[in-house]
Every structure is written in C-alpha cells, then in structure tokens.
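A short write-up of the structure that comes next.
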Amino acid sequence: MYVCLCHGVSDKKIISTVHKHQIHNINELRKILPVGSCCGKCVRQARQLIENEQLAL
Ligand code: FES
C-alpha cells in the first residue's frame, strides 16, 4: 500500500528503511526517503508506522 502518493513510497518500503537505517523518528526517515516533501499528507501515517515498529522491537 502506498503511504506517500507523491513519491510512490509504500508502507513496506518505510518499514524496511526503519529497520535498515535504525530510524527513530520522521526527521531521520526524511533524510533517506522523500516522504512529506510535497503535499505532506503522508507524514502522519509515516510517523505512525515508525511508532509501530519501535513498539515491535
Ligand atoms: Fe507524501 Fe504528498 S503524499 S508528500
């Protein structure tokens, strides 16, 4: 499922990036993936995905 439609970034891509780069927050994620750099609608969901992965660790 796409989280960021502007840049075609999926939830799977975000989750794998969170693990691979040990991402802790949206700012760290945005250094690697372009989420939120256009309309910004995806930021909330991306943040939620990061939080869920933190809880799962
Ligand atoms: Fe991600 Fe627009 S949906 S910046």
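Just so you know, residue 1 is the first one in the sequence shown, and it goes up from there.
Within the 4.5 Å cutoff, the side chain of L49 has no heavy atoms near those of the V18 side chain. When side chains are defined from C-beta on, V35 does not count as touching H7, because their heavy atoms never get closer than 4.5 Å.
Rounding to the nearest 0.5 Å gives a distance of 10.0 Å between SG of C4 and CD of Q45. Considering SG of C39 and CG of L5, their distance stands at 7.5 Å, rounded to 0.5 Å. Separation of atoms CD1 (I14) and CG (N52) is listed at 11.5 Å; rounding is to 0.5 Å. Here the straight-line distance linking atom NZ of K31 with atom CD1 of I26 works out to 12.0 Å at 0.5 Å rounding. The distance from the CG atom of L29 to the CD1 atom of I50 is 4.5 Å, given to the nearest 0.5 Å.
A donor-acceptor contact shorter than 3.5 Å is absent between the side chain of E51 and the backbone of A46. No donor-acceptor pair under 3.5 Å is formed between the side chain of Q48 and the backbone N or O of R44. Listed for the H24 side chain is a donor-acceptor partner under 3.5 Å among the backbone atoms of Q22.
The shortest heavy-atom contact between R30 and G36 is NH2-O, 3.4 Å.
Linking ILVMFWY side-chain heavy atoms closer than 4.5 Å, directly or via other members, places I32 and I15 in a single hydrophobic cluster.
No side-chain donor-acceptor contact under 3.5 Å links E28 and H21.
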Practice item. With side chain to side chain contact (heavy atoms under 4.5 Å, CB included) as the test, would you mind laying out the steps for M1 and S10 before giving the verdict? Key: CA-CA 5 Å; M1 176 189 75; S10 67; over 6 Å; no
Point to revise | Evaluation steps, side chain to side chain contact (heavy atoms under 4.5 Å, CB included), between V3 and V9 | key: CA-CA 6 Å; V3 172; V9 180; 5.8 Å; no
